[in-house]
**Q** 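Before I ask anything, let me first share the structure, which is written out below as structure tokens.
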Amino acid sequence: MSHTTYAEDEEPIAVAYIELAPNFIVNNASEGSRLKYIKTSISIRTELAKKELIEANMPLVRDALVMFLSSLSTPQVTGAIAREQTRGEAAIAVNKALEEETGIAPVTDILFASFVTQ
């Protein structure tokens with residue numbers, strides 16, 4: 001899926017969305033002995049020109065997201081404000097992994113279509 005947006009200088013920037021399938025289900029950091037998990041549906045927003053780079057490195061992207069999500073504590077995933085911060089941190093984590101591998105940080109944003117904790 002692609003979409004066009006405009007930068008401040010009014011040049012069109014083709015945007016692409018990559019829906020990651022299957023959904024993510026990971027155990028996350030919790031206090032005590034009770035097992036906690038996160039189930040989420042994730043899409044990545046990027047520039048159309050960088051979509052292929054992300055898709056070619058999908059195992060690395062998925063691994064970075066699993067490692068990031070499993071490190072989250074309950075307060076980091078509770079409430080809309082915490083989840084908004086988590087989105088930004090997830091993009092940083094994926095960009096860091098991709099930059100180490102490819103020299104490019106192509107992720108504009110991480111979008112959660114669903115985010116369930118238990």
**Q** Run the numbers on L20 and M58 for side chain to side chain contact (heavy atoms under 4.5 Å, CB included), then give the verdict.
**A** CA-CA 9 Å; L20 304 186; M58 193 53 68; 3.4 Å; yes
**Q** Output every pair passing salt bridge (Lys or Arg N to Asp or Glu O under 4.0 Å) with a member in residues 65-86, not counting sequence neighbours, ordered by first then second residue.
**A** E84-R87
**Q** What distance separates T117 OG1 from Y37 OH, expressed to the nearest 0.5 Å?
**A** 9.0 Å
**Q** Got a second to check how far D63's CG is from N57's CG, nearest 0.5 Å?
**A**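 So the gap between those two atoms works out to 12.0 Å.
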**Q** Consider only side-chain heavy atoms of I, L, V, M, F, W and Y, link residues closer than 4.5 Å, and tell whether I110 and V26 are in one cluster.
**A** yes
**Q** What distance separates I42 CD1 from F115 CZ, expressed to the nearest 0.5 Å?
**A**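 Going from CD1 on I42 over to CZ on F115, the span is 8.0 Å.
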**Q** Checking side chain to side chain contact (heavy atoms under 4.5 Å, CB included) between I38 and each of V116, V77, T74, T86, which is the one that passes?
**A** V77
**Q** In terms of hydrophobic clustering (I, L, V, M, F, W, Y; side-chain heavy atoms under 4.5 Å; direct or indirect links), are L53 and Y17 co-clustered?
**A**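 As far as the 4.5 Å side-chain criterion goes, Y17 and L53 are not connected within one cluster.
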**Q** Rounded to the nearest 0.5 Å, how far apart are OG of S70 and CG of L65?
**A**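 CG of L65 is found 10.5 Å from OG of S70.
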**Q** Is there a path of hydrophobic side-chain contacts, each under 4.5 Å between heavy atoms of I, L, V, M, F, W or Y residues, that connects M67 with L72?
**A** no
**Q** Inspect the surroundings of CD in Q85 and state if more than 12 heavy atoms from other residues, nucleotides or ligands are less than 6.0 Å away.
**A** no
**Q** Quick one: list whatever passes side-chain contact (heavy atoms from CB on, under 4.5 Å) with T46, sequence neighbours left out.
**A** A16, I18, K50, K51, I54, P106
**Q** Same cluster or not: are I104 and I13 linked, directly or through other Ile, Leu, Val, Met, Phe, Trp or Tyr residues, by side-chain heavy atoms under 4.5 angstrom apart?
**A**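 Result: no, two separate clusters.
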**Q** Determine whether L48 and V15 satisfy the following criterion, side chain to side chain contact (heavy atoms under 4.5 Å, CB included), listing intermediate values before the conclusion.
**A** CA-CA 5 Å; L48 185 58; V15 176; over 6 Å; no
**Q** Between Q76 and S71, which heavy-atom pair has the shortest distance, and what is it?
**A** OE1-O, 4.0 Å
**Q** Do you know the tightest heavy-atom contact between A97 and A64?
**A** CB-CB, 3.8 Å
**Q** Atom CZ in F112, atom OG in S43: separation rounded to 0.5 Å?
**A**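 Going from CZ on F112 over to OG on S43, the span is 10.5 Å.
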**Q** Between K36 and S73, is there a side-chain heavy-atom distance shorter than 4.5 Å?
**A**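 A side-chain contact under 4.5 Å is absent here.
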**Q** Are I25 and F68 linked, directly or through intermediate hydrophobic residues, by side-chain heavy-atom contacts shorter than 4.5 Å (ILVMFWY only)?
**A** no
**Q** Ignoring hydrogens and angles, tell me if any N or O in the side chain of N28 forms a donor-acceptor pair with the backbone of L69 under 3.5 Å.
**A** no
